Amino acid sequence: MDNNKKMELLTDLFETEELTPETQLAELENWDSMMKLSLIVMMDDELGKALSGEQISTFQTVQDIMAFMDA
């Protein structure tokens with residue numbers, strides 16, 4: 001999956017147009033437990049990847065999520 005498609009998925013998920021790979025997750029208003037659950041569901045539905053809460057806790061930026069998408 002190319003970076004444009006990843007950003008499209010994440011932009012839709014986070015419901016913001018102001019998302020870049022460098023965006024700090026802690027700075028996002030909606031980076032809460034519900035958003036993390038939505039990320040888990042999106043990873044499973046779109047990529048067939050299992051994502052744990054422990055893995056999410058290591059993510060600092062949008063780029064970290066994008067790197068996981070490639071793993």
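The model shown is predicted, which means the values in this text are computed figures rather than measured ones.
- One N or O on the side chain of Ser52 and one on the backbone of Gln55 form a donor-acceptor pair closer than 3.5 Å.
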### Audit row: Thr23, Thr16, side chain to side chain contact (heavy atoms under 4.5 Å, CB included) steps and yes/no
CA-CA 11 Å; Thr23 300; Thr16 181; over 6 Å; no
### Task
Would you sort out whether Glu18 and Thr11 count as a side chain to side chain contact (heavy atoms under 4.5 Å, CB included), showing the intermediate values?
CA-CA 8 Å; Glu18 299 174 13; Thr11 298; over 6 Å; no
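- In this structure, Met1 and Asp70 approach most closely via the heavy-atom pair O-OD1, 4.1 Å.
- A distance of 8.5 Å separates CG in Leu39 from CE in Met35, rounded to the nearest 0.5 Å.
- Considering all non-hydrogen atoms of both residues, Phe59 and Leu25 come closest at CB-CD1, 3.6 Å.
- The neighbour count for Glu29 CD, taken as heavy atoms of other residues, nucleotides or ligands under 6.0 Å away, does not exceed 12.
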### Task
Any chance you could lay out the side chain to side chain contact (heavy atoms under 4.5 Å, CB included) test for Ile56 and Trp31, step after step, and finish with the verdict?
CA-CA 11 Å; Ile56 289 175; Trp31 184 242; 3.7 Å; yes
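- Here the NZ atom belonging to Lys5 is positioned 9.0 Å from the CE atom belonging to Met69, to the nearest 0.5 angstrom.
- Atom CD1 of Ile40 and atom CG of Leu51 lie 5.5 Å apart (nearest 0.5 Å).
- Of the inter-residue distances, the one linking Leu13 atom CG with Met7 atom CE reads 11.5 Å to the nearest 0.5 angstrom.
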### Query
Run the side chain to side chain contact (heavy atoms under 4.5 Å, CB included) check on Thr61 and Met66 step by step: do they pass?
CA-CA 9 Å; Thr61 65; Met66 293 171 66; over 6 Å; no
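- Distance CG/Leu10 to CE/Met42: 5.0 Å, rounded to 0.5 Å.
- For the atom pair CG of Asp12 and CD of Glu46, the computed distance is 9.0 Å after rounding to the nearest 0.5 Å.
- When side chains are defined from C-beta on, Phe14 counts as touching Ile65, because their heavy atoms get closer than 4.5 Å.
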